[in-house]
Number of protein chains: 2
Amino acid sequence: MAEEHLKLENQICFSIYAAAREMTKMYKPLLQKLDVTYPQYLVLLVLWEEDGITVNELGRRLYLDSGTLTPMLKRMETSGLLERKRSPEDERRVIVTLTEQGRNAEKDARDIPFQVIDHLAMDEAELKQFKASLVKALEHLHERNEKS
Amino acid sequence: MAEEHLKLENQICFSIYAAAREMTKMYKPLLQKLDVTYPQYLVLLVLWEEDGITVNELGRRLYLDSGTLTPMLKRMETSGLLERKRSPEDERRVIVTLTEQGRNAEKDARDIPFQVIDHLAMDEAELKQFKASLVKALEHLHERNEKS
DNA sequence: ATAAATTAAATTGTGCACAACTTAATTATA
DNA sequence: TATAATTAAGTTGTGCACAATTTAATTTAT
């Protein structure tokens, strides 16, 4: 028998890991109309809030680096959702801008957050507490990981 | 300006997704001694609890399918942590068994759960509530995803 | 007993995710 | 003002993750 603390059911991090995967599976049918993956949907969420930002800024908000974003943005450019062009002021930077199609996609996304809340089946109070813990863990871990 | 519900900061699922990734990064230095990835560590946790189970059973516990497990188990076999052999009673099944090295690795893992708790920086009550919400979301989503 | 259905792994193909490195542009400094 | 240091993207290589399909073994139903 394994050490009690090494049992899978006692691993909070396993719950996060598994919940994240089940969550992206849950999103799949909801994103069918948009024809994007969950990470691509996150890129759209950021650009709908603020269009014309750099790859770097996108990565800062999504906690992703260029190694992940560059190929993903290329796929999204190919599928017609956005454009990538070098900044004239600083040729190192690449500015990401939504196309007409990318902007219009927001309409099709409006109801997704409500469907997600339904699927989670938690009351407002629990959801609020849950999200607060998640954000706390996220920010704490991110800060820790940055330092080292 | 984007619809309020479509703002990234209001997305509980983004918190799960990002926290899961920061969590695996946090584990990296803790797993260095074992020389395994986080998903491989989860396989070890299961086998330390019950050795000699099938790929199927492993997948049921970790919410992973053979498409993910088969290549991962092959890597772990190559690195000497486990063995894979067909069951004589049912040639379809593959039984996964720890090697001496795989069993011994448990000793090196004993202190990991405590280090993790430290890194999360939550008091016991919050941690308990947090995990309860995670497990609830996980099981609810899993059940939902199975059905469809 | 044999054909049909089911089950367990493996395979194939696509898309992240990230560490480590490279390239090119900009900024800081001697 | 050369040169060193820094910054921003991109590239390379490895390892998941999963849908869809394939292969082979076992069960079920005819």
Side-chain angles (χ1 to χ4, degrees), chain A residues 14 17-29 31-32 35-43 53-60 62-79 81 84-96 141-142 145-146 148, chain B residues 14 17-29 31-32 35-43 53-60 62-79 81 84-96 141-142 145-146 148:
Chain A
F14 170 66
Y17 158 82
R21 286 185 297 112
E22 292 296 326
M23 181 272 293
T24 62
K25 267 185 229 172
M26 179 263 290
Y27 261 96
K28 206 162 193 205
L31 297 176
Q32 216 146 37
D35 195 32
V36 291
T37 64
Y38 182 70
Q40 291 176 11
Y41 172 65
L42 294 176
V43 168
I53 60 178
T54 63
V55 172
N56 215 34
E57 175 61 15
L58 209 44
R60 195 189 62 72
L62 297 176
Y63 302 87
L64 291 171
D65 69 1
S66 68
T68 301
L69 282 172
T70 297
M72 195 164 101
L73 294 172
K74 282 180 178 173
R75 282 188 288 273
M76 293 178 78
E77 187 171 38
T78 300
S79 62
L81 290 166
R84 299 154 59 249
K85 42 186 180 236
R86 292 276 165 185
S87 160
E89 299 95 56
D90 186 340
E91 288 279 341
R92 288 172 306 182
R93 293 163 188 262
V94 166
I95 310 290
V96 183
L141 289 174
H142 184 63
N145 291 334
E146 287 292 83
S148 64
Chain B
F14 170 65
Y17 159 81
R21 287 186 296 112
E22 293 296 325
M23 180 273 292
T24 62
K25 269 186 229 172
M26 179 264 289
Y27 261 96
K28 206 161 193 207
L31 297 177
Q32 216 145 39
D35 194 32
V36 292
T37 63
Y38 182 70
Q40 290 175 13
Y41 171 66
L42 293 177
V43 169
I53 60 177
T54 64
V55 172
N56 216 32
E57 176 61 15
L58 209 44
R60 196 189 60 73
L62 298 175
Y63 302 88
L64 291 171
D65 68 3
S66 67
T68 301
L69 283 172
T70 297
M72 196 165 100
L73 294 172
K74 282 181 179 173
R75 283 188 287 274
M76 294 177 78
E77 187 172 37
T78 300
S79 63
L81 290 165
R84 298 154 59 250
K85 42 186 178 236
R86 292 276 165 184
S87 161
E89 299 96 56
D90 185 340
E91 287 281 340
R92 288 172 305 180
R93 292 164 188 261
V94 166
I95 310 289
V96 183
L141 289 174
H142 183 64
N145 292 333
E146 287 292 84
S148 63

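Reckoned from all heavy atoms, side chains included, excluding hydrogens, waters and symmetry mates. Letters go in sequence order (proteins before strands), and every chain restarts at 1.
With salt bridges taken as basic N to acidic carboxylate O contacts below 4.0 Å, none links Lys74(B) and Glu77(B). Salt bridge status for Glu57(A) with Arg60(A): present, with a side-chain N to carboxylate O gap under 4.0 Å.
In the interface, the side chain of Ser66(A) is paired with the base of dG10(D) through a donor and an acceptor atom under 3.5 Å apart. For a distance-only test at 3.5 Å, the side chain of Thr70(B) fails to qualify as a donor-acceptor partner of the base of dA9(C).
The residue from Thr37(B), Val36(B), Leu58(B) that alone fulfils the side chain to side chain contact (heavy atoms under 4.5 Å, CB included) condition with Val43(B) is Leu58(B).
The distance between atom CG of Leu58(B) and atom P of dA8(C), rounded to the nearest whole Å, is 14 Å. Distance CG (Asp90(A)) to C1' (dT27(C)): 10 Å, rounded to an integer number of Å. Across the protein-nucleic acid pair, Tyr17(A) atom OH and dC18(D) atom C1' stand 11 Å apart, rounded to whole Å. Atom CG of Leu62(A) and atom P of dA9(D) are 14 Å apart (whole Å). Whole-Å rounding puts the Leu73(A) CG to dA17(C) C1' distance at 14 Å. Note: CG (Leu69(A)) to P (dG10(D)) measures 10 Å, nearest angstrom. At whole-Å resolution of the value, CD in Glu22(A) and C1' in dC18(D) are 11 Å apart. Protein atom NE2 of His142(B) is 15 Å distant from nucleotide atom C1' of dA17(D), rounded to whole Å.
Distances shown here put every side-chain N or O of Arg21(A) at or beyond 4.0 Å from the OP1 or OP2 atom of dC16(D). For the OP1/OP2 pair of dA9(C) and a distance below 4.0 Å, the side-chain nitrogens and oxygens of Asn56(B) include at least one atom meeting the criterion. Remark: Arg93(A) is not in phosphate contact with dA9(D), judged by side-chain N or O atoms under 4.0 Å from OP1 or OP2. Between dA17(D) and Lys28(A), no contact under 4.0 Å exists linking OP1 or OP2 to a side-chain N or O. Of the side-chain N and O atoms in Lys74(B), one or more sit less than 4.0 angstrom from OP1 or OP2 of dT11(C). Under 4.0 angstrom from either OP1 or OP2 of dA8(D) there lies no side-chain N or O belonging to Arg86(A). For the pair Tyr38(A) and dG15(C), the criterion of a side-chain N or O lying under 4.0 Å from OP1 or OP2 is not met. OP1 and OP2 of dA17(D) both lie 4.0 Å or more from every side-chain N or O belonging to Tyr63(B). The phosphate of dA17(D) (OP1 or OP2) has no side-chain N or O of Thr24(A) nearer than 4.0 angstrom.
Within the nucleic acid shown, Glu89(A) comes within 4.0 Å of sugar-phosphate atoms alone, with no base atom in reach, counting heavy atoms only. Across all strands shown, Arg84(B) has heavy atoms under 4.0 Å from sugar-phosphate atoms exclusively, and none from any base. In this structure, Leu64(A) reaches the sugar-phosphate backbone alone: every heavy-atom distance under 4.0 Å involves primed, P, OP1 or OP2 atoms, never a base. Thr68(B) comes within contact range of at least one nucleobase, with a heavy-atom separation under 4.0 Å.
In this structure, CD in Glu146(B) is found 7.5 Å from NZ in Lys25(A), a value given to the nearest 0.5 Å. Atom CG of residue Leu42(A) and atom OH of residue Tyr27(A) lie 7.5 Å apart, to the nearest 0.5 angstrom. A distance of 10.5 Å separates CG in Asn56(B) from CD1 in Ile95(B), rounded to the nearest 0.5 Å.
Along DNA chain C, the nucleotide nearest to Asp65(A) and the one nearest to Glu91(A) differ in position, and the one closer to the 5' end is contacted by Asp65(A). Two residues, Thr54(B) and Gly67(A), neighbour DNA chain C, and the one matched to the more 5' nucleotide by heavy-atom proximity is Thr54(B). Comparing Pro39(B) and Pro88(B), the nucleotide of DNA chain D nearest to each residue sits closer to the 5' end for Pro39(B).
For Met72(A), counting side-chain heavy atoms from C-beta on, the closest listed nucleotide (dC16(C), dG10(D), dA10(C)) is dC16(C). Of the candidate nucleotides dC18(D), dG15(D), dA19(C), dC18(D) has the atom nearest to the side chain of Lys25(A). Ranking dA24(D), dG15(C), dC16(D) by closeness to the Arg92(B) side chain, first place goes to dA24(D).
Within a 6.0 Å sphere centred on CG of Asp90(A), heavy atoms belonging to other residues, nucleotides or ligands number more than 12.
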